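Please read the structure below before turning to the comments.
In this text the structure is predicted, and so the values were computed from the model without any measurement.
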Amino acid sequence: MPRRHLRMTGAADCSLGAALRDLRTELDLPAAFPAEAMAEAEEAVRDPGLSAHEDATGLPLLTIDPPASTDLDQAMYLERRPGGRGYRVHYAIADVAAFVRPGGALDAEAHRRVTTLYFPDDRIPLHPTVLSEGAASLLPGEVRPAALWRIDLDGDGQATATDVRRALVRSRAKLDYAGVQRRIDARTAEEPLALLREIGRLREEQEPARGGISLDVPEQEITEHDGAYGLAYRAPLPAEAWNAQISLLTGIAAAHLMAETGTGILRTLPIAPDGAVARLRRSARALRVDWPHHVPYAQIVRSLDPRRSNHAAFLLECTTLLRGAGYTAFDHGELPDPAVHAAVADLYTHCTAPLRRLVDRYASELCLAATAGREPPEWVREALSALPKEMAEGTRRANTVERACVDLVEAALLEGRVGELFDAYVVDVGERNPATGTVHLRDPAVVGRIEGGTAPLPLGERLRVRLTQAGPAAKTVLFAPA
């Protein structure tokens with residue numbers, strides 16, 4: 001089953017928080033940074049390499065992130081092009097390479113960690129927080145080194161020109177999604193922010209034209225009320241999708257720069273096999289999602305409303321078609337096969353989150369070199385062949401953490417309710433043993449395995465189920481037909 005993003009509000013000091021801390025130990029995850037890596041980070045803060053950065057501090061950038069975020073990778077400024085002919089996107093990406101010495105202890109530790117690991121109540125960062133939440137983060141009012149992208153769009157939102165260079169920038173404001181959405185909806189946003197909706201919608205319209213798909217997957221949230229904890233789905237705001245389109249635009253532009261120069265690393269995804277799509281159609285029937293046979297997958301996805309429980313569950317199922325995504329490096333002009341990311345339906349790379357993902361630092365360097373018309377740094381080229389495997393291992397570890405967190409949270413929040421009955425939908429049935437499968441509870445927002453019956457499960461039907469296993473010791477939930 002697909003996993004869900006988790007966010008915990010007000011629950012860090014409960015028994016669930018203790019269980020999550022135990023999980024970190026059990027999974028043998030990185031803890032404190034080695035002393036030598038910390039020393040390098042602190043020295044880099046005192047003396048970063050900024051001689052190659054032009055001054056762009058006059059650009060009134062802003063960041064849009066969750067309210068509590070302090071590891072700010074991106075800042076933007078949107079404007080209309082002179083003469084009203086399209087748009088210009090200024091997108092600043094934290095310049096981590098200004099602080100990390102190639103081949104040093106900090107670099108080695110980043111290659112060991114690969115990604116920031118997220119827990120509902122905490123995170124294990126890729127870089128020391130003195131960098132990721134301090135000197136390298138695009139915090140408001142602070143001068144920071146960045147890779148500053150400038151992407152010109154025509155009136156339909158299609159990219160027409162791309163440039164990226166090193167620059168010193170200063171964000172003017174740290175905004176959050178809910179606040180941005182309110183200001184745009186109320187029409188009180190100034191034009192640089194109001195353009196987020198205009199450009200975001202145009203880029204969303206570009207997706208079906210090229211065959212791309214964006215999934216508005218709900219976020220599963222742990223909530224607290226009167227000392228009790230529960231699970232609920234939170235549908236993404238439109239502003240989150242518009243913001244994601246800016247990042248996606250930059251990743252596409254970066255990939256094309258790499259392709260033009262013949263050296264790079266792409267994020268690729270093969271086209272889903274027919275069997276996977278057929279299985280998804282079964283899930284659509286199970287969840288009462290109307291999917292006529294003549295309607296393409298991309299079209300049905302765009303018609304879904306993540307605020308509806310059955311649509312939210314189906315969107316989670318849709319993530320199964322994203323399996324097989326990976327990274328592919330290329331050099332000397334030979335593009336990989338496949339080179340395209342099937343969900344993006346274009347060349348694509350990860351380059352907009354270098355504080356949280358190792359590969360983005362390398363992608364930025366490749367694009368900076370491409371724009372300047374020079375060869376990539378040797379330390380970048382030397383690392384390219386190993387990066388796909390490193391990223392695959394790091395991604396697997398991040399997925400393991402996410403799966404374990406979801407299982408543990410669900411088990412902990414249903415502790416003490418073993419034997420209770422719940423209303424559920426049967427969303428999947430085992431092919432070899434149709435008496436086993438997966439159920440989606442109506443309340444709370446839990447997805448779990450069901451077994452123990454003798455009759456085939458009624459795919460797509462409501463079913464009363466009994467909770468047979470839960471609690472932090474069990475680490476997962478299990479149901480049986482009532």
Side-chain angles (χ1 to χ4, degrees), residues 41-67 69-82 87-101 127-153 161-176 179-180 183 189-196 199 243 246-247 249-251 253-254 257 351-356 360-361 363-372 374 377:
E42 290 163 359
E43 175 59 29
V45 170
R46 290 190 292 270
D47 185 23
L50 305 181
S51 59
H53 294 70
E54 65 180 48
D55 186 355
T57 54
L59 198 61
L61 298 161
L62 56 85
T63 62
I64 308 175
D65 290 276
S69 295
T70 51
D71 51 344
L72 310 183
D73 287 287
Q74 313 111 13
M76 73 176 73
Y77 175 68
L78 309 176
E79 62 180 338
R80 299 186 189 276
R81 289 169 62 191
Y87 309 89
R88 178 162 289 166
V89 174
H90 302 271
Y91 205 43
I93 308 299
D95 186 5
V96 176
F99 298 93
V100 179
R101 176 170 57 84
H127 302 99
T129 55
V130 68
L131 293 179
S132 62
E133 300 179 29
S137 178
L138 304 184
L139 297 166
E142 302 292 340
V143 175
R144 294 290 187 257
L148 182 59
W149 290 80
R150 188 183 68 193
I151 304 174
D152 284 348
L153 309 176
T162 300
D163 178 75
V164 58
R165 60 192 63 200
R166 281 197 154 89
L168 296 177
V169 301
R170 181 171 54 228
S171 170
R172 297 298 195 270
K174 179 180 182 293
L175 307 181
D176 62 80
V180 167
R183 290 164 67 174
E190 295 181 356
E191 182 172 86
L193 184 58
L195 285 176
L196 179 64
I199 295 172
N243 188 61
I246 303 299
S247 179
L249 166 69
T250 309
L257 276 178
C351 65
T352 62
L355 294 176
R356 294 169 281 165
D360 298 50
R361 170 160 54 105
S364 281
E365 290 302 312
L366 288 163
C367 293
L368 287 162
T371 302
R374 55 177 171 78

When you measure from the side chain of Lys174 to the backbone of Leu138, do you find a donor-acceptor pair of N or O atoms at a distance under 3.5 Å? no
Are side-chain heavy atoms of Leu153 and Val89 found at a separation under 4.5 Å? yes
Looking only at heavy atoms, what is the nearest atom pair of His53 and Gly49, with distance? CE1-O, 3.5 Å
The reported gap from CG in Asn243 to CG in Asp65 (rounded to nearest 0.5 angstrom) is 7.5 Å
Please round to the nearest 0.5 Å and tell me the distance separating atom CG of Asp163 and atom NE2 of His90. 10.5 Å
Student check: side-chain heavy atoms of Asp71 and Glu133 closer than 4.5 Å: yes
Dump the intermediate steps for side chain to side chain contact (heavy atoms under 4.5 Å, CB included) on Leu148 and Leu59, then the final yes or no. CA-CA 10 Å; Leu148 182 59; Leu59 198 61; 4.2 Å; yes
If I compare all heavy atoms of Val164 with all of Cys367, which pair ends up nearest, and what's the gap? CG1-O, 3.6 Å
Roughly how far, to the nearest 0.5 Å, is CG of Leu175 from CG of Leu193? 6.0 Å
How far apart are the closest heavy atoms of Tyr77 and Leu61, and which atoms are they? N-CD2, 3.6 Å
Is it the case that the side chain of Arg81 and the backbone of Glu79 share a donor-acceptor pair, with hydrogens and angles ignored and the cut-off at 3.5 Å? no
Between Leu131 and Val45, what is the shortest heavy-atom contact and its length? CD2-CG2, 3.6 Å
Taking all atoms of both residues into account, what is the closest heavy-atom pair of Ala94 and Ala136, and its distance? CB-O, 3.4 Å
Side chain to side chain contact (heavy atoms under 4.5 Å, CB included) assessment of Leu368 paired with Glu365: CA-CA 5 Å; Leu368 287 162; Glu365 290 302 312; 4.1 Å; yes
Rounded to the nearest 0.5 Å, what separates atom CG in Leu78 from atom OH in Tyr91? 9.5 Å
May I ask you to check whether over 12 heavy atoms, not counting those of Glu191, lie within 6.0 Å of atom CD? yes
Is there a donor-acceptor pair under 3.5 Å between the side chain of Asp73 and the backbone N or O of Leu355? yes
Heavy atoms of Thr63 and Gln74 approach each other most closely as CG2-O, 3.2 Å
Inter-residue atom distance Asp95.CG - Arg361.CZ, 0.5 Å rounding: 10.0 Å
Please report, to 0.1 Å, the donor-acceptor pairs under 3.5 Å made by any side chain of residues 139-147, with sequence neighbours excluded.
unit_1	atom_1	unit_2	atom_2	d
Arg144	NE	Gly134	O	3.2
Arg144	NE	Ala135	O	3.1
Arg144	NE	Ser137	O	2.8
Arg144	NH2	Gly134	O	3.1

What residues form a side chain to side chain donor-acceptor pair (under 3.5 Å) with Thr352, not counting sequence neighbours? Ser247
Non-hydrogen side-chain atoms of Asp360 and Ile93 separated by less than 4.5 Å: no
Who pairs with Ala253 by side-chain contact (heavy atoms from CB on, under 4.5 Å), at least two apart in sequence or on another chain? Trp149, Ile151, Thr162
Output the distance between atom CE (Met76) and atom OG (Ser171), rounded to the nearest 0.5 Å. 10.5 Å
